[in-house]
Student: 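Pasting a structure below so you can have a look.
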Amino acid sequence: MAAPNADELKSLRENFQKKNQTCFILGASGETGKELLAEILRQQLFSRVTLIGRRKLELEGQQYANVSQEVVDFEKLDESAGAFQGHDVGFCCLGTTRAKAGAAGFVRVDRDYIEHSAKLAKAGGCHHFVLQSTKGANISSSFLYLKVKGEAEARVEAVGFDRCSIFRPAVLLCDRQESRPGEWVTRKVLGVVAHISPTAMSVPTVTVARAMVNNVVMPRKDGQMVEILENAAIHALGQPK
Ligand SMILES: NC(=O)c1ccc[n+]([C@@H]2O[C@H](COP(=O)([O-])OP(=O)(O)OC[C@H]3O[C@@H](n4cnc5c(N)ncnc54)[C@H](OP(=O)(O)O)[C@@H]3O)[C@@H](O)[C@H]2O)c1
């Protein structure tokens, strides 16, 4: 997918704003999710933004005037089907780690919660689902992480949205608040690599967020219900313009 230039993007954004669309974000409290929320609000792309999460976030200020929050129990998601009603676009930046949740907990969040949310979103009228997956996601992988990510992708695709955009970023670069020592070391090393080869092994969360938002304002390619954006495409689409 060729990234639009600044003038094209400006016009795409203006056209999109006129549509008065609404969106929800899953995982807005996370590192990518919070950048995504900030970018969506900065560009004033949606008439209403709903954050769906397991806890309420402290959001104060005029910039959050059209943001509402739905606190849900992901283990009883059908009880919160109403939270998913009436959104044109759904963004999903949900995820945990095996270290935090154990293997079963990781599968539950990164595959089952996502699939269930996607089904409720589709039933609620969502036509474009944007999923943050990962580089190397592969249903046949012998690594649990990559396999589960591949399964999540396949299950979301099977829901049958008019459009489904799957983002496969490499290692996320950000100042993570939560302590993940292994990831911290990796991130420091990749931060150095990124100076030499910016798109090879990592991507800043802010770039992922911008790429998601830019993807949404671009029209779907004819007949392409599912699009997969690998790390280089995310870099290209997520440059500041
Ligand atoms: N780390 C990397 O380098 C990397 C690379 C490529 C792809 N990814 C993938 O990208 C996605 C986003 O990553 P990120 O680092 O931006 O996310 P993050 O900072 O870890 O945030 C994850 C989000 O998921 C929510 N969440 C976690 N466990 C939950 C649970 N049990 N129930 C409900 N909500 C839960 C968190 O809510 P709370 O704030 O309430 O905990 C938060 O909003 C993930 O799927 C991740 O696997 C990560």
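Position 1 is the first residue of the sequence, and the numbers go up from there. Start at 1 and go down the list; that is how both ligands and their atoms are numbered.
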Student: How does K149 reach ligand 1, if at all, at less than 4.0 Å between non-hydrogen atoms: by side chain, backbone, both, or neither?
Tutor: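 Side chain only.
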Student: Please check whether E31 reaches ligand 1 - meaning an N/O of the residue sits under 3.5 Å from an N/O of the ligand, judged on distance alone.
Tutor: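 Yes; at least one N/O pair falls below 3.5 Å.
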Student: List every atom of ligand 1 that sits less than 4.0 Å from any heavy atom of L94, numbering the atoms from 1 in the order shown and giving each element.
Tutor: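 So the answer, numbered in order with elements, is 24 (O), 25 (C), 34 (N), 44 (C), 45 (O).
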Student: Evaluate the side-chain proximity of F84 to L77: yes if any heavy-atom separation is below 4.5 Å, no if none is.
Tutor: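 They are in side-chain contact.
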Student: Considering the heavy atoms of T32, write down every atom of ligand 1 situated less than 4.0 Å from one of them.
Tutor: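 Matching atoms, with element in brackets: 14 (P), 16 (O).
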Student: Picking from N215, V203, L131, what satisfies side chain to side chain contact (heavy atoms under 4.5 Å, CB included) with F167?
Tutor: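 Of N215, V203, L131, side chain to side chain contact (heavy atoms under 4.5 Å, CB included) with F167 is met by N215 alone.
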Student: Please list, in number order, the atoms of ligand 1 under 4.0 Å from a heavy atom of F74.
Tutor: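 Heavy-atom distances to F74 below 4.0 Å select 33 (C).
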Student: Using a 4.0 Å heavy-atom cut-off, which part of F106 comes near ligand 1: side chain, backbone, both, or neither?
Tutor: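 No part of F106 comes within reach of ligand 1.
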Student: Measure the acute angle between the ring planes of Y145 and F106, then classify it against the limits of 30° and 60° as parallel, tilted or perpendicular.
Tutor: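 Rings of Y145 and F106: parallel, under 30°.
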Student: Salt-bridge test for E35 and R210: reply yes if a basic N is under 4.0 Å from a carboxylate O, no otherwise.
Tutor: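 Judged by the 4.0 Å cut-off on N to carboxylate O distance, E35 and R210 do not form a salt bridge.
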Student: Between the side chain of N231 and the main-chain N/O of A170, is any donor-acceptor distance below 3.5 Å?
Tutor: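 Checked: pair present.
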Student: Taking distance alone, with no angle check, do Y113 and ligand 1 share an N/O pair under 3.5 Å?
Tutor: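 There is no such contact.
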Student: If you measure every N/O of T134 against every N/O of ligand 1, is any gap under 3.5 Å?
Tutor: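 In fact, backbone or side chain, T134 has no N or O that close.
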Student: Could you list which atoms of ligand 1 come closer than 4.0 Å to a heavy atom of G30?
Tutor: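 Listed by number with element: 18 (P), 19 (O), 21 (O), 42 (C), 43 (O).
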Student: If you measure every N/O of L172 against every N/O of ligand 1, is any gap under 3.5 Å?
Tutor: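 Yes, at least one N or O pair falls under 3.5 Å.
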Student: Counting only nitrogen or oxygen atoms and a 3.5 angstrom limit, does G95 reach ligand 1?
Tutor: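 Min N/O separation from ligand 1 is below 3.5 Å for G95.
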Student: Need the ligand 1 atom indices (1-based, order shown) with element for anything under 4.0 Å from a heavy-atom of V109.
Tutor: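 Counting from 1, the qualifying ligand atoms are 30 (C), 31 (N).
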Student: Using only atom types and a distance under 3.5 Å, with no angle test, would you say the side chain of N138 pairs donor to acceptor with the backbone of G150?
Tutor: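 Judged by distance alone, no pair lies under 3.5 Å.
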Student: Heavy atoms only, cut-off 4.0 Å: how does C174 contact ligand 1, side chain, backbone, both, or neither?
Tutor: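 Looking at C174 and ligand 1, no heavy atom falls under 4.0 Å.
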Student: Among side-chain atoms of E153 and S133, is any donor-acceptor pair under 3.5 angstrom?
Tutor: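 Side chains of E153 and S133: pair found under 3.5 Å.
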Student: Nearest heavy atom to atom 23 (C) of ligand 1 wins, so pick from C93, C92, G33.
Tutor: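 When every heavy atom of C93, C92, G33 is considered, C93 comes closest to atom 23 (C) of ligand 1.
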Student: Are the side chain of K122 and the backbone of G160 linked by a donor-acceptor contact shorter than 3.5 Å?
Tutor: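 Answer holds: yes.
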Student: Could you tell me whether S133 approaches ligand 1 through its side chain, its backbone, both or neither, with non-hydrogen atoms closer than 4.0 Å?
Tutor: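 The backbone, only.
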Student: With a 4.0 Å cut-off on heavy atoms, is D110 touching ligand 1?
Tutor: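 A heavy atom of D110 does come that close to ligand 1.
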Student: Would you check if there is a donor-acceptor pair between the side chains of N20 and R48 at a distance under 3.5 Å?
Tutor: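 No donor-acceptor contact under 3.5 Å links the two side chains.
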Student: Compile the donor-acceptor pairs under 3.5 Å between side chains in residues 108-115 and protein atoms, sequence neighbours left out, one pair per line.
Tutor:
residue: R108; atom: NE; partner: E75; partner atom: OE1; Å: 3.3
residue: R108; atom: NE; partner: E75; partner atom: OE2; Å: 3.0
residue: R108; atom: NH1; partner: D112; partner atom: OD2; Å: 3.1
residue: R108; atom: NH2; partner: E75; partner atom: OE1; Å: 3.1
residue: D110; atom: OD1; partner: T96; partner atom: N; Å: 2.8
residue: D110; atom: OD2; partner: K149; partner atom: NZ; Å: 2.6
residue: R111; atom: NH1; partner: E151; partner atom: OE1; Å: 2.8
residue: Y113; atom: OH; partner: E75; partner atom: OE2; Å: 2.6
residue: E115; atom: OE1; partner: R155; partner atom: NH1; Å: 3.1
residue: E115; atom: OE2; partner: K119; partner atom: NZ; Å: 3.3

Student: Counting only heavy atoms closer than 4.0 Å, does ligand 1 sit against the backbone of S29, its side chain, both, or neither?
Tutor: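 Both of them.
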Student: Looking only at N/O atoms, are R54 and ligand 1 under 3.5 Å apart anywhere?
Tutor: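 Yes, since at least one N or O of R54 sits under 3.5 Å from an N or O of ligand 1.
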Student: E14 and K10: salt bridge (Lys or Arg N to Asp or Glu O under 4.0 Å), yes or no, with the steps?
Tutor: CA-CA 6 Å; E14 285 167 1; K10 183 169 179 284; 3.2 Å; yes
Student: Checking the N or O distance criterion of under 3.5 Å, is ligand 1 in contact with T205?
Tutor: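 No, T205 has no N/O under 3.5 Å of an N/O on ligand 1.
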Student: Is there a polar contact, in the sense of an N or O pair closer than 3.5 Å, between R55 and ligand 1?
Tutor: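 N/O-N/O distance below 3.5 Å exists for this pair.
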Student: Are any side-chain N or O atoms of S47 and backbone N or O atoms of Q21, one a donor and one an acceptor, separated by less than 3.5 Å?
Tutor: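 The answer is yes, because a donor-acceptor pair under 3.5 Å joins these two groups.
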Student: For the backbone of S202 and the side chain of H235, can you confirm whether one donor and one acceptor N or O come within less than 3.5 Å of each other?
Tutor: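 Yes: the side chain of H235 pairs with the backbone of S202.
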Student: Does P169 come within less than 4.0 Å of ligand 1, judged by its heavy atoms?
Tutor: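 The answer is yes: ligand 1 sits under 4.0 Å from a heavy atom of P169.
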Student: Run the numbers for me: atoms of ligand 1, each under 4.0 Å from some heavy atom of V171, listed by number.
Tutor: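 Those of ligand 1 that fall under 4.0 Å from V171 are 3 (O).
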